[in-house]
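All values below come from the heavy atoms of this structure, side chains included, with hydrogens, waters and symmetry mates left out. Everything numeric here is computed off the predicted structure, so don't read it as measured data. Atoms within each ligand, like the ligands themselves, are counted from 1 in listed order.
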Amino acid sequence: MIVPFVSFRVMEKEIDSELRSAFERVYERSWYIRGIEGGNFERSFAKFCNVKFCVGVGSGLDALMLSLKALGIGYGDEVLVPSNTFIATALAVTYTGAVPVFVEPDIRTYNIDPDRIEKKITDKTRAIMPVHLYGQPCDMDRILEIAEKHNLYVVEDCAQAHGALYRGRVVGSFGNVAGFSFYPGKNLGALGDAGAVVTNDKKLADKIRALGNYGSNYKYRHIYKGNNSRLDEIQAAFLSTKLPHLKRMNKERQKIACRYLKEIRNREIILPYVMDNVTPVWHIFSVRTRNVKCLSKYMKENGISTSRHYPIAIHQQECYKDLLISTGSLPIAEEISATQLSLPMYYGMTENQIDFVISTLNKFKE
Ligand SMILES: *Cc1c(COP(=O)(O)O)cnc(C)c1O
C-alpha cells in the first residue's frame with residue numbers, strides 16, 4: 001500500500017465545481033486586487049477567528065512581519081520566538097531590523113516553554129511570538145500573564161493552527177495581533193501563496209493594511225514606506241470557498257490523530273503530548289525516535305512517506321550564523337530536530353491507510 005505524506009486529491013475532488021465557479025466569478029469581473037472577494041473573505045475569516053478585523057496579505061511571513069512593523073518594532077529591539085519553529089517566524093523578526101531571541105520549547109508539546117521565557121527578557125525585549133506549532137495551541141494563560149507583567153506585545157503565529165482551540169476559544173484572538181498563512185499545505189490553504197492578520201485593534205489593522213499596500217490607504221498618498229503584500233481576489237475567492245469546509249476537515253485530522261495516539265504502541269516511538277485544555281488541529285503529527293533516519297527509511301520501504309519538521313534548528317542554519325549561537329546552547333531544539341519525524345496526515349486518508357501506518361509503526365524495530 002502507498003501512503004503519501006500529504007495529498008489534496010480527495011479534498012479538491014469534493015469541492016472541484018465550487019473552486020471552478022469561484023475562479024469564473026472573479027474572471028468575469030476582471031478585478032484582481034483589493035475588491036469584493038478580499039473584503040468578503042476578510043469578514044468571514046475575522047468571524048471564524050472571533051475577532052473584529054482581518055487584513056489579507058500576500059503570505060504568512062508577511063502577516064507576521066507587517067504585524068511586528070505595525071507595532072513599531074525594529075532596529076534595537078528583541079523579540080522572543082521559540083527555538084523550534086519554521087524559519088519564517090524568525091525571519092519576520094529579522095526583516096523588521098529587530099533580533100529574534102530563542103526560547104526553548106517544552107519537549108513534550110514542542111511549544112514554547114513559559115517557564116523559560118522570563119530568563120530571556122531584557123531591556124530591549126518588545127514582544128513574544130508564541131507559535132501554535134503543528135496545530136497545538138501554546139499555554140496562552142501563562143504567556144499573556146508574562147507579557148502583561150513585562151509590558152510586552154504578543155504576536156501569535158497561527159500559520160499551522162487555523163481553528164485550534166485553547167480553553168474552547170479559537171487561537172488568533174489571544175494576542176495583540178496574529179498572523180495566518182494560507183500556503184496550500186496549511187489546514188486552510190489557497191491555491192498559491194496567501195496570508196492574513198487578525199486583530200481586535202482597529203488602528204493596528206488599518207496600519208497593517210496600509211503597510212501591505214505601499215504604505216497607503218488613499219491612492220497615491222503614502223504615510224509609511226510600505227511593502228506590496230496583498231491578498232489577491234482569486235486567492236480570496238478560493239479561500240472563501242474552502243473556509244466553510246475547514247471545521248469538517250480539521251475534524252477528520254483530529255480523528256486520525258486520535259487513532260495514532262491510541263493505537264501507536266512502540267517503545268521506540270514517543271508520541272506528542274496534548275495539554276488537557278486544548279483542541280489541536282494537527283497540521284502535523286509529530287513523533288520522536290532515537291534513530292530517525294532508520295525509521296524514515298523503514299517507513300519508505302513499506303510505501304509510507306514521512307517528513308521532518310524541521311531537520312535543522314534555526315540557530316544552526318547557515319543564514320543565522322551571524323547570531324553566533326553555538327551548537328549545544330539550545331539543546332532542546334537540537335534534540336527535537338535530531339529525533340523528530342512527521343507522519344502522514346491529511347483530509348481524505350482512508351481507514352486502510354491509517355491502519356497500515358499504525359501497524360507498520362508498531363512493527364518497527366531499530
Ligand atoms: C508556513 C509558516 C509560516 C509562513 O507562512 P508562508 O505563507 O509560507 O509565508 C510562518 N510560521 C509558521 C510556523 C509556518 O508554518
Give a yes or no on whether a salt bridge exists between [X] and [Y], defined as a side-chain N under 4.0 angstrom from a carboxylate O.
X	Y	answer
D115	R142	yes
E78	K120	no
E318	K321	yes
R248	E252	no

Self-check item: H283 and ligand 1 - part of the residue with a heavy-atom distance under 4.0 Å
Solution: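 For H283, no heavy atom sits under 4.0 Å from ligand 1.
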Quiz item: Relative to ligand 1, is D157 under 4.0 angstrom through side chain, backbone, both or neither, heavy atoms considered?
Solution: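 Under 4.0 Å from ligand 1, D157 contributes side-chain atoms alone.
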Enumerate the atoms of ligand 1 whose separation from the nearest heavy atom of [X] is less than 4.0 angstrom.
X	answer
L61	4 (C), 5 (O), 6 (P), 9 (O)
A88	3 (C), 4 (C), 10 (C)
V131	13 (C)

Exercise. Ignoring hydrogens and angles, tell me if any N or O in the side chain of E268 forms a donor-acceptor pair with the backbone of K365 under 3.5 Å.
Key: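 The answer is no, because no donor-acceptor pair under 3.5 Å joins these two groups.
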Practice problem: Examine distances only and state if a side-chain atom of E334 and a backbone atom of A313 form a donor-acceptor pair shorter than 3.5 Å. | Solution: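 Such a contact is absent between E334 side chain and A313 backbone.
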Does an N or O anywhere in [X] fall below 3.5 Å from an N or O of ligand 1?
X	value
Q160	yes
Y183	no
Y310	no
K186	yes

Quiz prompt | Result of checking F48, F238, F182 against F41 for ring pair (Phe, Tyr, Trp, His ring centres under 6.0 Å) | solution =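 With F41 as partner, F48, F238, F182 yield a single ring pair (Phe, Tyr, Trp, His ring centres under 6.0 Å), made by F182.
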Quiz prompt | Shortest protein heavy-atom distance from atom 8 (O) of ligand 1, along with the residue and atom involved | solution =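 In this structure, atom 8 (O) of ligand 1 has S181 OG, 4.0 Å as its nearest protein heavy atom.
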Quiz item: Side chains of S240 and N40: do they bring a donor and an acceptor to under 3.5 Å?
Solution: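 There is no such pair (donor and acceptor under 3.5 Å, judged by atom type) between the side chains of S240 and N40.
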Quiz prompt | Proximal candidate to atom 3 (C) of ligand 1 [heavy atom criterion; set A159, G60, G189, G195] | solution =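 Looking at heavy atoms only, the winner is A159.
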